[in-house]
Structures are given as structure tokens and as C-alpha cells.
Amino acid sequence: MSVESSPTDSGSPRDPEAVPEPHEGSTGAPGRGLSRRGLLALSGGIGLAVGAAAGGAAATLSRPSVAGGADLVYPFFAEHQAGITTPAQDRLHFAAFTMRPGSSRADLIELLQDWTYAASRLTQGQDVSVRGAFDGGPYLPPDDTGEAADLPASGLTITFGFGRTLFVAADGTDRFGLAAQLPADFTELPTMVNDFIQPARSGGDLCIQACANDPQVAVHAIRNLTRIAIGRATLAWSQLGFGRTSSTSTSQQTPRNLFGQKDGTNNLKAEEPERLAEHVWISDGPTWTHGGSYLVARRISMTIEVWDGLQLTEQDRVLGRAKGSGAPLSGGTEFTAPDFAAIGAHGRPLIDPRSHVARTNPANNGGIAMLRRGYNFVDGNDDQGRLDAGLFFIGFVKAPARFAAVHTNMARDDMFVEYLKTTSSSVFLVPPGIARDGYVGHALFAS
Ligand code: HEM
């Protein structure tokens, strides 16, 4: 397939399996630019793209910065993809994509290269391409949609994942010649108690997790990456989230979820490299996966109106922690380790064995821990005036079976489950970090 680069994006025709050309040093973005197909997708058609190539000015748009530390910019090229141990930002736009029927391995590689290029710019606070929102000429649809043009990077991270169907489709076909690279660990999750899974908002060939401290920046990223995919992949489903429900760094305060609880107290944190190596980063199976992780995403509806009618002591008992302080019911302060053997005056354990904390704590799950990185959501309300609200759970684990083991223990008799209903469930393999001369999943296609 012919993949020409636009003059304004300073690249040469590319072999789809080849390493992209070196990067433009100052922008942090790969210098090869978007493929011709990526540019076509942005400009809406072949005729328009020809005009774009003729009329574009090679200006580098960098968004204004904000003083006072609000302008967080995270590196894009690193050992691990950003958006996992990065201090959890406040907003999420998560999206899953399906490769277009009939698309080839070369199409997939080209899309991943285009997404890598665009994400490397967006995360640095730049427009999606060099021509960006305003410099493509007056007679063309702009490359960049423009709604983030005056906004700083806002800590944007873009994390890419591969669905199991990318390797083996639901009908068993090997669309992209990747079946032999499917890790044995990449298993589906079993059906759990209280699963009401809607296939239309579950799974997908690819996923993108965009997190930022400004919702418009996260939405802008997904919107523009979706545009780039046109003709190669289609947006299958997406989810907005607000208010992080975890801390992934000791530098962060523990936030609260929509049950009003401190959430993220006993989470894996960026400052614990040994525990991350033990529980999060893949180190077994095909070498192309090493340094990656499995992302489990579950949209969990919470019956908040029912919950709001519970006595505070019952709310505490169901969780196993005091709602106000976040301290375990066995005593101490928020970060005191729970003592599941502690017995109260009534002769029963101070932390109910069926509480959420008791069911999910590593001590009661063969030592398994996970890095949780979920977000609150409210998607309107039903016809009886109840909010369609909950937690878009995101957890990173070394293998999906580890998540399933903890979840099975939780689903068995966790008192929490009575107030939860899971409506979407997905697992994606997040490949390791991206090298400056590579693209997301590069080693998969080289192996
Ligand atoms: C709407 C659903 C959920 C809510 C509201 C929720 C809320 C909470 C809260 C408030 C805590 C205690 C504070 C903390 O240590 O972070 C917690 C802990 C935890 N949750 Fe959940 N959770 C939900 C679903 C899940 C699911 C699906 C899993 C996966 C199996 C999970 C795994 C954990 C783990 C591993 C802990 C840490 C327990 C510990 O080590 O003490 N949670 N959750």
C-alpha cells in the first residue's frame, strides 16, 4: 500500500513495517508526520488532501503555558506508557475501536504510527499535526479540531491498548497475522455475579485511555485520534469520567467516589517500583509484551439512591473503613493496615469478613494487588429520576487471571455487590512504552 507523507509533515514514503524516521527534536514528536491516509481522514477526502499539501504552512503550534504548576506535561516516550503510574488526573475519556472490515496488517501498523505521532504531539500541548487547527489554509477543513488550541497540556496522557480480537477475531480468524503472538496470559474474564454486560459498550480491537486535568483536553485527544482513524478503525464505544477514584502516587490526596468514600487508600503507587514489578508490569510470555500491563475496564453502575438511605454505620460496615477518615474499622488512621483478626466487644471481627476491604485486600487474595485508576461517571438519569451513575473501574494487572481471582472473591459475598451492577467489561493489553524511533506495539510487528 502506498503511504506518502505530506510535505508539510516532513516525511518520506514509508514502508509500513519500517521504523519511522527520526523525530523533530524540538517538538518531541516523530518527524515523519501523519501518513497520507491519516491526513486524508483529517481533511475529509482526497480532493481536499491535495489542496492541503499545496496550501499548508509548516508552522509549529504550541499552546500557551500556564504559570503556577497548573501546566503539567508528561513525557510521551518512556519505558512504560504514561497514564498508568502517572499521578491520576481528574478527567477521563476512554474509547474503544474496531478495525474496519477488510483492513490489513499494513493498515493497522499505519494507524498505530499515525496515532503515535499525533499522541506524541497532543500530550506535549501541541495540535494534532504541524498544520494544526489554523495553518492548513483557508479552503480546507483544519487538521486539528481546535477546541484545545488555547489550553495547556493539562497533564494529558494517552495510553493505547490492544484487545484480544486484534489477535484472534470472534470468529477465530487471524486478520492481522498476529495469532501466534497472542500471549497465553491474555484470557477473557469469567462472568461475574451482578454482571449485566452490554456487548455494545464492551471489548474492541483497540483502546485509548485519555486522562487530563481539563475535560476538554481529554475529549479533544479522543476526538482527533478518532478522526485520524477514519477509514481504518471506527469508534465502537466511549466513556467519559470525572473525579479520579484513586491515588496512584503518594504525592496525591485520596479522592472520594460517588458513595462518598475515600477511594485509593491502599492502591499501588508510582513510588513502589518493586511492587509494580511484581503486580503490574508484564514480565512473562512474549518479549514484546514485557514492560506492558493488562488494563481491565468495567463500567459499574452504583445504586446511589439506595446507598444514600443506609445508616452511616452500615455504610462503614459494608466497606470495612470509616467513611469520614478512611481508617480501617480495626482502628488507626487512613493508612493504618487493616487488622482482619481484631475482635470487637461484641465478639465479632471489627472488620466484617464480607466487607469490600476484607474481600479485596491482598492478605485475603494470595497476595495479589492491582493498580486501580478508575473515574466517577454520571450519564444522565432513568425515567424514574435515578441517576445513571457509578464508577468506571480501571485496573492494571500483570495478568487478567489475577484480576479475576480477586474479583471472584469479591463477587462471592462482598456486601458491596448488592449496590453494584456491571454493565461493561473489557480487557486490553497495554504494550510497553514507546521509543522515540518507534510506535505503539512496534515490537509486536517486528517479532
Ligand atoms: C463501584 C465499585 C467499587 C467501589 C465504589 C469501590 C470502592 C473502594 C473503596 C472505597 C476502597 C477502600 C479504599 C482503598 O483502599 O482504596 C476500595 C478498595 C479496594 N477495591 Fe474497590 N471499589 C469498587 C470496585 C472494585 C472492583 C471491581 C475491584 C476489583 C476486584 C476492587 C478492588 C479493590 C481493591 C483491591 C481494594 C484495596 C483493598 C485493600 O487492599 O485494602 N474494587 N474499593
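Order of appearance sets the numbers: ligands from 1, and atoms from 1 within every ligand. Values below: every heavy atom of this structure, side chains too, minus hydrogens, waters and symmetry copies.
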For Q261, the ligand 1 atoms whose distance to one of its heavy atoms is below 4.0 Å: 10 (C)
Smallest separation among heavy atoms of L258 and I304, with atom names: O-CG2, 4.0 Å
Determine whether any heavy atom of [X] lies closer than 4.0 Å to an atom of ligand 1.
X: F416; value: yes
X: N267; value: no
X: P362; value: yes
X: P338; value: no
X: M302; value: yes

Check: N257 N/O within less than 3.5 Å of ligand 1 N/O: no
Sub-3.5 Å N/O-N/O distance, H407 and ligand 1: no
R100 atom CZ, over 12 foreign heavy atoms within 6.0 Å: no
Residue K323 excluded, over 12 heavy atoms near NZ under 6.0 Å: yes
Heavy-atom nearest neighbour of atom 22 (N) of ligand 1 within options M410, H356, K323: H356
Pair T423, Q198: side-chain N/O donor-acceptor within cut-off below 3.5 Å: no
